[in-house]
Amino acid sequence: MRDLALTIGYFPIATAAIGLHAYAKYFYIKKYDFYVYAFSSLFLSIFSISVIFYIFIAKSLISIVMSQISSVSLMFILVRLAVSRAADGSTRMLVDRGLPAKALILMALMPASVVIVIDWLVENISPRCIGAKCGALEFVFGSDDVFTLYYFTNLYGVVFLTLSALSINALTRRFLAKLK
């Protein structure tokens, strides 16, 4: 278990605080705005899972992938919870836009494989950052390498894995509709 004295930069904290404020505000007044829920849930899930994995789990390729999957899961749970509570919104979140099945299969498989390759590269290649650029990045994102690794891998991983999950959902719905 790590020390709780985190050296997190301003950007992760600010996006999590803004996301928490927007989510809580729209959740409390029961207003439906899917984009507010999606983006606030995105930044809340990325930040919270990054902190949890930073504190409790050692850095490895498996832990990076687990943190990305956990972030996607938490994001979907937060969005679903908020949409189901909204008084003036639709309860249907995911709509099939009619893409060809071949494109959906490609969109389901490619992002997941790209995430695994990038995670392997991030885990096995040491960063070389010197000079003023490094100081500016440390000021904005924080000086702790492990938290920053979790935060950035969750940031791109959630986007790619959400695309995969939505494509798999559309393919599953189409397949089940054909069985009926």
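Just so we're clear, the structure is a prediction, and the values are computed from it rather than from any experiment.
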message: Looking at every non-hydrogen atom in both residues, tell me the closest pair between I168 and T172 and how far apart they are.
response: O-OG1, 2.7 Å
message: For L109, is the CG atom crowded, meaning more than 12 foreign heavy atoms sit under 6.0 Å from it?
response: yes
field: Y156 side, atom OH; L161 side, atom CG - distance, nearest 0.5 Å
entry: 9.5 Å
- prompt: So does M66 have more than 12 non-hydrogen atoms from other groups sitting under 6.0 Å from CE?
  reply: yes
- request: Check each of S45, S50, S48 against N154 using the side-chain hydrogen bond (donor to acceptor under 3.5 Å, both in side chains) test, and report the only one that passes.
  value: S50
query: With sequence neighbours left out, which residue pairs that include part of residues 12-27 fulfil the side chain to side chain donor-acceptor pair (under 3.5 Å) condition?
result: T15-Y151
message: Any non-hydrogen side-chain atom of F76 less than 4.5 Å from a side-chain atom of L166?
response: yes
query: Are L121 and L61 joined in one hydrophobic group, where the rule is that I, L, V, M, F, W and Y side chains link up if heavy atoms are under 4.5 Å apart?
result: yes
query: When clusters are formed by joining ILVMFWY residues with side-chain heavy atoms under 4.5 Å apart, either directly or through shared neighbours, do F56 and F53 land in the same one?
result: yes
Nearest heavy-atom neighbours spanning S164 and A108: OG-O, 3.0 Å
message: Check this for me: F39, atom CZ, are more than 12 non-hydrogen atoms of other residues, nucleotides or ligands nearer than 6.0 Å?
response: no
- request: Could you give me the CA-CA distance, side-chain angles and deciding distance for V122 and F152, then say whether side chain to side chain contact (heavy atoms under 4.5 Å, CB included) is met?
  value: CA-CA 10 Å; V122 166; F152 278 118; over 6 Å; no
- prompt: For the atom pair CD1 (I57) and CD1 (I52), what is the distance rounded to the nearest 0.5 Å?
  reply: 9.0 Å
field: Nonpolar side-chain network containing I18, other nodes, edges under 4.5 Å
entry: none
Approximate separation, where rounding is to 0.5 Å, of M75 CE and T162 OG1: 4.0 Å
In one Ile/Leu/Val/Met/Phe/Trp/Tyr side-chain cluster, 4.5 Å: V72, I77: no
field: Side-chain donor-acceptor pair present, S63, Y150, cut-off under 3.5 Å
entry: yes
Gap separating the CZ atom of F147 from the NZ atom of K59, nearest 0.5 angstrom: 14.5 Å
Distance, nearest 0.5 Å, that separates OG of S67 from CD1 of I62: 11.0 Å
message: To check you understand the geometry: which heavy-atom pair defines the closest contact between V36 and A22, and what is its length?
response: CG1-CB, 4.0 Å
query: So how far is it from I49 CD1 to L74 CG, rounded to the nearest 0.5 Å?
result: 5.0 Å
- prompt: With a 4.5 Å limit on heavy-atom distance, are the side chains of I8 and Y54 in contact?
  reply: no
- prompt: Nearest heavy-atom pair of A38 and V79: which atoms, and what distance?
  reply: CA-CG2, 3.9 Å
message: Looking at every non-hydrogen atom in both residues, tell me the closest pair between P111 and L163 and how far apart they are.
response: CG-CD2, 3.8 Å
message: Hydrophobic clustering (ILVMFWY, side-chain heavy atoms < 4.5 Å, transitive) - are V159 and F43 grouped together?
response: no
message: Looking at every heavy atom in both T153 and Q68, which two are closest together, and how far apart are they?
response: O-NE2, 2.7 Å
